[in-house]
Amino acid sequence: MDSVGPIIERARAISHEELQEFYRGLQEALKSQSIADVTPSLRQLWLSLACTRYRGDVPPDLLMPLWQAVKEPHLGPVMIRILCAAILQELSPCQSVCMRAGELSSGPLSSSSLALTLPVVAGVGHYHPDLQVLREQLLTWLTGAGQVDTAAITHVLGCLWGMDNSEVITLTQEQVDGVSKQLCTWLTTTSTTQPPNPFSKNIFSSRQLVAVTEVDETPSHDMFTVLSVGQYYSPDQFLNMQVFSMMRGWLHKHQSKNGESAAMGLLVDKMCEYCLRMLDQCERKAVLQQDAELQQACLTEVILLLDTMCQQNSSLIPRVFPSIKRVYNRIQNNPTSSINIINILQFLLHHSDAVMYDTGPALQHFFLKILDKQCIDQPLAFEGTLFCLENMENLCNNTAVLRKFFPCLLKVFAWQPKTLLAEFVDLLPTMVSEETAIEVFHCLLDLPVITAAMETVMRVEQRASLTVTDLSPEAMTQTTPELAYTDPLHRPLFNFILRAEGGLGDTIDRLKVLHDILQDYSTLPRVVICSQAAPVLLRVYLQTVEQEASVDLLARLFPVLLERSSLLFPIKTFQTEVKRVLSEALVWAVQTSPGLLIDNRQEVQELMSSPRNFTGREDVFLHLAWAIGEYMSVTYDRRCTPDIISQYYEVVECLLYELSVSQLGRMETPLQHRARLTAVLMTALAKLATRCQDLMPRVLLCLTKITQQLPASGSQDPGDAVLLARAPVLINLCRMPNVAPLLSSLPAKTDDNSKLHQDQNSSSCLLLQLTEAVMNQSQQ
């Protein structure tokens, strides 16, 4: 393999001009030499086409000799013809390569010839000039009127189905019925004996016929299926396998519009019998490992095929359902059959109503015993997520599993967030309800914690499965999370954060302890990726709540928003992004229900009471301060009394003094954030004072002090210039108590609040102009 890499690199490095020169040289060589004499050049041509994007400039005169070699067996050995066919398939679709009508019916074609020519013809696709003739000839061969053997029919069927499935050709109702009859015949009339060794040259070898066997090596006495085992297989047996492999696609494409035809009905009936026979074969214990793997693969296809047929013909459900239940009871506790369990659940969801079957226990078993225990298994995680997506409407309307087992699903996402992000963006809204909204919110904020906890559990289990001699010196030392997981004191923290079922509690009191334990894993790639994906789902969650939230839910969610803004897993970028999302959510919540500031004033005032809370939560403070100034008004809630306004005013005023005077505000708080918060607090104070006239003297004194202190501080902060410009405007506004309330409070509902001061037709603009004129006159 080491020598292959340089060859491929040289082929990729060839330029367009060099390739054109190579084409011309090969074209000249073919004029004087046979195909077999230029085999090295043909190999180089195939490699160049496979490794480069220069495929549209091959001269037609170069392609025709290759096409002739593929069609005519006498022009070269089989290996050379295979090489020519591979080159032509690399160039497909190509208008220069076609089988004309005369060539199709010019005489009998062998299986080997069709094996080479038909894939090339199918690759031509819509460019073929004689598609109708080609379709008729393929159908003639399939129905037995053509001069082809059984081995060649496999290639004809593959070509016809490929072109029909890709919409290159269109079959009429009569043609579909004719093919369906042939498919039914090939399924039911296949021989059950093994052919002799086709490679043996011993003319005296025994010609005694030997029956095919089951996977447990007992002789088969029933119809031949894909699970019938033989040392060698005859052409009709290969054809039987091919029909089975294409049957689901054939039914999907043609059953819906041709379900009433007798031929299609007979095919479905025989196919159902065939599938039930295979379900019986899957219950046998395979002797060889490859046969056991084949059983699992066939079981998957059989279940999907039976599901398709039952959806199209409900009369089959009573006949099929007992067999599906028997299979489920047999494999439900088998870890290697997880994918097939998902397929059976799909079948049960589709058809349980027809037989009055309760799917609840089966779904609960899947989420608790299978998906939760194997959530790090990538194929199972992907198939389980797709199962929930494809059956989302059914699961939401008829069951509560998505709302009940959302912690299990979020564990699946936490382990592979990059792969499943798009799927969970669609799936997450189905997990949110009035009862689960708060718990889902906590889980979304704890997604990186869940990932780190899963890493811990996986490493502990891997360590337990190894002996001391298998461990490396580095692996001998346990990390802090691993030690904590094995400690009975901290084990309940892991059990809760990795729970599979919701409804056990929103969060835990010792969450900060768990953050400290898992902090060593905060730099693991999987944890970092999950921390980057979590804000995306958090925004989807908030959009869902915004569309469907009730006042009661907002009342429960608002204090959680305040609390969790300071309780996040210690990843800096994660904390910054999540706090930005939470700050926007706080504003939205207050806009939707302004009474939240009254109901939760103790929590809000406690948060705003110290600038120490500002560090790390800049966006939360800024948005919350703006919301206080904007929505603490009787306009939005009649409970907003002067006493409540005074309480908020005292908190905001105290914080403003501390930020502007104390060294704490200038040293621990970034200057740009301090200036922004000071500006917002000044505006909030002015707005609160206009709604409670007793506060007017205090706000004038406060704003005047700030105006005097800023120049004396000697600060080089460019934001101070903004504050010095903002303070006089607010002071002048507050000196006119009759006008100030109208200017400081925007209308409750406007299309664009931010531009009212620019609207010449609005009363706010006129009042601003009047105020400016009066103040200028008084100063003169």
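Every heavy atom of this structure was used, including side-chain atoms; hydrogens, water molecules and symmetry mates were not.
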Inset, instruction - With R491 as the cation and Y485 as the aromatic partner, state whether NZ or CZ is under 6.0 Å from the six-membered ring centre and within 45° of the axis. - result: yes
Legend entry - Check: F494 ring centre within less than 6.0 Å of H490 ring centre: no
Legend entry - Under-4.0 Å salt bridge between E9 and R12: no
Inset, instruction - May I ask you to check whether D216 and T218 show a side-chain donor-acceptor distance below 3.5 Å? - result: yes
Inset, instruction - For the residue pair E434 and S550, confirm or rule out a side-chain donor-acceptor distance under 3.5 Å. - result: yes
Inset, instruction - Give a yes or no on whether a salt bridge exists between E584 and K579, defined as a side-chain N under 4.0 angstrom from a carboxylate O. - result: no
Legend entry - Exercise: do T436 and S433 side chains pair donor with acceptor under 3.5 Å: yes
Inset, instruction - Answer yes when E214 and R277 have at least one side-chain N-carboxylate O distance shorter than 4.0 Å, and no when they do not. - result: yes
Inset, instruction - Take atom CZ of F382 as the centre, draw a 6.0 Å sphere, and report whether it contains more than 12 heavy atoms from other residues, nucleotides or ligands. - result: no
Legend entry - Residues R326 and D280 bridged, charged N to O under 4.0 Å: yes
Inset, instruction - For the residue pair T479 and Y521, confirm or rule out a side-chain donor-acceptor distance under 3.5 Å. - result: yes
Inset, instruction - Measure the acute angle between the ring planes of F405 and F367, then classify it against the limits of 30° and 60° as parallel, tilted or perpendicular. - result: parallel
Legend entry - Heavy atoms from other residues, nucleotides or ligands near CD of E217 exceed 12 (cutoff 6.0 Å): no
Inset, instruction - Taking atom CD of Q378 as the centre, report whether more than 12 heavy atoms of other residues, nucleotides or ligands fall under 6.0 Å from it. - result: no
Legend entry - Lys/Arg N to Asp/Glu carboxylate O, E301 vs R248, below 4.0 Å: yes
Legend entry - Residues that H515 engages under ring pair (Phe, Tyr, Trp, His ring centres under 6.0 Å), provided they are two or more places apart: F569
Legend entry - pair D446-R564: side-chain heavy atoms closer than 4.5 Å: yes
